[in-house]
Structures are given as C-alpha cells and as structure tokens.
Amino acid sequence: MFGDMMNMMGKLKETQQKVEETKKRLDHVLIDEQSNDGFLKITLTANRTVKNVSVSDELLADKEMLEDYLVNVLNKAIEKATNVNETELASVAKEGMPNIPGMDMFS
C-alpha cells in the first residue's frame with residue numbers, strides 16, 4: 001500500500017513537471033487570427049500572450065471600426081489559444097494519471 005502511494009506521488013510529481021514543460025512550450029506555439037478582410041491581424045501564443053498586432057491603413061481612419069475589429073479578432077484568437085492550451089494540458093494530465101481513482105474526469 002505504502003509503495004503504491006509513493007509510486008502515485010512520484011507519478012504526480014512527474015506529471016506536474018510535464019505540465020510545467022508544456023506551459024513553457026506553449027509560449028512558443030503561435031496562433032494567428034485575422035479579420036475576414038485581412039485589415040487586422042493578431043498573433044498570440046497558446047498561453048494567450050499577444051505577440052503581434054498588424055493594422056491596415058484603412059482601419060486607422062475609423063477609430064470605432066478599429067475598436068470593433070480589435071475586440072472581435074482578439075476574442076477569436078484568445079478562444080483558439082485557449083483551446084490549444086487546454087487540449088495540450090489535459091493530454092499531459094491524462095497521460096500522467098491513468099489509474100488514480102476519481103481522476104477519470106480527463107477521459
């Protein structure tokens with residue numbers, strides 16, 4: 001019983017390390033999103049850090065339109081990044097905890 005517990009703790013620690021490594025790796029996974037007309041382009045990491053914003057001259061003339069574009073494109077980009085982030089982290093967690101009772105929420 002004690003051996004099982006130690007083994008489980010070791011596995012949890014290993015999984016925790018893998019989660020941290022995955023989070024670091026996700027800093028280098030880039031998500032690109034743009035408006036339908038290409039006037040606004042945004043790049044962010046899978047950890048949801050904005051890396052680049054590109055605005056066309058057409059949008060600079062219309063402050064209200066630019067603001068709408070920023071809200072829409074940022075929300076789409078953040079949603080994509082969140083999906084990548086959660087999928088990656090859930091996969092690491094699931095891999096690390098295959099037979100711990102009560103942890104089948106990952107499957």
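Along the sequence shown, residues carry numbers from 1. These figures come from a predicted structure and were not determined experimentally.
For the atom pair CZ of R25 and OG1 of T45, the computed distance is 12.0 Å after rounding to the nearest 0.5 Å. In this structure, CG on L66 lies 12.0 Å from CZ on F39, to the nearest 0.5 angstrom. The line from OG of S35 to CG of D68 is 12.0 Å long, rounded to the nearest 0.5 Å. The CZ atom of R48 sits 9.0 Å away from atom CG of L26, with the distance rounded to the nearest 0.5 Å. To the nearest 0.5 angstrom, N52 atom CG is 6.5 Å from S54 atom OG.
A salt bridge links K18 to E14: one of the charged nitrogens lies within less than 4.0 Å of a carboxylate oxygen. One finds no salt bridge joining K23 and E88 here, because no Lys/Arg side-chain nitrogen approaches an Asp/Glu carboxylate oxygen to under 4.0 Å.
No more than 12 heavy atoms of other residues, nucleotides or ligands shown are found within 6.0 angstrom of NZ on K41. Atom CD of Q16 is surrounded by 12 or fewer heavy atoms from other residues, nucleotides or ligands within 6.0 Å.
Within the 4.5 Å cutoff, the side chain of L30 has no heavy atoms near those of the L44 side chain.
Distance alone, capped at 3.5 Å, places no donor-acceptor pair between the N85 side chain and the A81 backbone. A distance-only check finds no donor-acceptor pair linking the side chain of N47 to the backbone of T49 [under 3.5 Å]. When atom types are taken as modelled, the side chain of D32 and the backbone of T43 share no donor-acceptor pair closer than 3.5 angstrom.
In this structure, K76 and Q34 approach most closely via the heavy-atom pair NZ-O, 4.1 Å. Between V84 and A46, the shortest heavy-atom contact is CG1-CB, 3.9 Å. Contact record, L60 with V55: CD2-CG1, 3.9 Å, taken as the closest heavy-atom pair.
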Verdict with supporting geometry, K63 and E67, salt bridge (Lys or Arg N to Asp or Glu O under 4.0 Å): CA-CA 6 Å; K63 181 179 182 282; E67 289 168 351; 2.6 Å; yes

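No option in L40, N36, L74, I42 other than L40 meets the side-chain contact (heavy atoms from CB on, under 4.5 Å) test with Y69.
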